[in-house]
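Here the structure is laid out as structure tokens; the discussion comes afterwards.
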Amino acid sequence: NAGVTQTPKFQVLKTGQSMTLQCAQDMNHEYMSWYRQDPGMGLRLIHYSVGAGITDQGEVPNGYNVSRSTTEDFPLRLLSAAPSQTSVYFCATRGYGNQPQHFGDGTRLSIL
Amino acid sequence: TQLLEQSPQFLSIQEGENLTVYCNSSSVFSSLQWYRQEPGEGPVLLVTVVTGGEVKKLKRLTFQFGDARKDSSLHITAAQPGDTGLYLCAGERGDDKIIFGKGTRLHILP
């Protein structure tokens with residue numbers, strides 16, 4: 001079982017470049033979320049989706065876009081990367097109700 | 001603004017000692033979750049508490065949800081080196097979003 005798959009695992013970008021972090025799940029979960037994790041800050045919610053076609057902002061959405069065209073995929077786009085976006089990014093999924101949240105292994109992103 | 005305050009941020013204790021980690025908020029949550037995260041991996045769910053006053057046990061770990069559903073605690077009895085890791089609490093808000101505290105980095109010395 002793949003669960004939650006994040007690609008790439010590592011990426012280095014230059015300031016101003018754009019890129020898309022991929023998240024795919026095979027558990028048919030309705031909820032999908034993107035978090036970033038920085039030292040001493042825990043995980044902060046970037047964007048969130050409760051189902052295909054529905055997205056919402058989290059705690060730190062600026063500089064990031066998302067879309068949810070299918071249940072399985074929830075890509076996170078950086079339109080113009082900034083050094084402040086250097087972080088570890090985690091995608092998470094869960095079903096309706098008090099279902100456990102499952103995390104991918106993360107994407108480690110460095111912006112030079 | 002961090003809606004969930006977790007304390008302590010760092011804790012280093014000897015094997016065999018007991019410890020408690022706290023997660024506090026001024027907001028009410030529909031549920032509260034505790035995760036453990038190892039280096040280079042995503043967080044893994046330990047437990048979810050839903051009802052005010054609820055207590056759940058997982059071997060030597062005891063989790064409690066406050067009566068008002070605004071706070072929670074994690075108590076570890078007779079800590080072992082294998083308990084070393086980052087412990088995160090997370091609350092589910094009324095809009096279904098799950099937000100995290102900053103985490104407690106626990107180090108158990110043999």
Side-chain angles (χ1 to χ4, degrees), chain A residues 2-7 9-10 21 23-25 27 29-51 54-61 66 68 74 87-109, chain B residues 1-11 21-25 27 29-52 54 56 58 63 65 69 72 85-106:
Chain A
V4 183
T5 302
Q6 288 186 239
T7 56
K9 293 189 184 303
F10 303 93
L21 280 62
C23 177
Q25 56 112 347
M27 296 177 284
H29 284 168
E30 293 81 5
Y31 294 92
M32 296 188 76
S33 302
W34 275 103
Y35 294 89
R36 60 177 288 175
Q37 187 172 31
D38 302 294
M41 293 299 294
L43 279 82
R44 291 182 290 171
L45 182 65
I46 305 172
H47 282 290
Y48 175 77
S49 171
V50 299
I54 306 170
T55 63
D56 195 6
Q57 293 182 348
E59 303 168 277
V60 288
V66 292
R68 184 95 180 270
F74 191 42
S87 188
V88 181
Y89 291 85
F90 287 100
C91 178
T93 77
R94 66 186 176 101
Y96 281 132
N98 293 317
Q99 297 299 311
Q101 188 162 226
H102 298 267
F103 283 82
D105 287 336
T107 293
R108 283 142 189 84
L109 182 62
Chain B
T1 302
Q2 201 83 22
L3 296 180
L4 270 172
E5 297 295 331
Q6 201 169 331
S7 62
Q9 284 196 327
F10 302 95
L11 186 59
V21 177
Y22 298 93
C23 184
N24 296 302
S25 177
S27 302
F29 295 101
S30 56
S31 71
L32 202 135
Q33 304 164 5
W34 285 92
Y35 295 80
R36 177 175 166 177
Q37 185 180 20
E38 302 293 343
E41 300 178 5
V44 175
L45 181 69
L46 295 174
V47 76
T48 299
V49 284
V50 178
T51 306
E54 183 176 4
K56 281 191 175 180
L58 189 64
F63 305 85
F65 202 10
R69 291 187 288 128
S72 180
L86 178 65
Y87 291 82
L88 297 155
C89 68
E92 181 176 0
R93 303 189 327 195
D95 57 4
D96 294 331
K97 295 174 185 174
I98 294 176
I99 61 168
F100 282 76
K102 292 184 178 182
T104 295
R105 192 162 298 279
L106 179 63

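Numbers restart at 1 for each chain; the letters A, B, ... are given by sequence-line order, proteins then strands.
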Point to revise | chain A-proximal positions within residues 87-95 of chain B [heavy-atom distance under 4.5 Å] | key: B:Leu88, B:Glu92, B:Asp95
Exercise for review: Can you tell which part of A:Gln6 gets under 4.5 Å to a heavy atom of chain B, answering side chain, backbone, both or neither?
Suggested key: neither
Exercise for review: With the side chain counted from C-beta on, respond yes when B:Lys97 and A:Asp56 share a heavy-atom pair under 4.5 Å apart, and no when they do not.
Suggested key: yes
Practice item. Tell me yes or no: between the side chains of B:Tyr35 and B:Gln33, is some donor less than 3.5 Å from an acceptor? Key: yes
**Study point:** Under the side-chain contact (heavy atoms from CB on, under 4.5 Å) test, residues paired with A:Ser33 that sit two or more places apart
**Key:** A:Tyr35, A:Leu45, A:Tyr48, A:Gln101
Revision key, fill the gap. Chain A shares the most heavy-atom pairs under 4.5 Å, among B:Ile99, B:Val47, B:Ile98, with B:Ile98
**Study point:** Candidate list B:Thr51, B:Val49, B:Thr48, test side chain to side chain contact (heavy atoms under 4.5 Å, CB included), partner B:Phe65, passing option
**Key:** B:Val49
Revision key, fill the gap. Applying side chain to side chain donor-acceptor pair (under 3.5 Å) to B:Gln9 and not counting sequence neighbours gives none
**Study point:** For A:Arg68 against A:Ile54, the heavy-atom pair lying closest together
**Key:** CB-O, 4.4 Å
Study note, to complete from the structure: For A:Asp38, the salt bridge (charged side-chain N to carboxylate O under 4.0 Å, His left out) test, sequence neighbours excluded, returns A:Arg36, A:Arg44
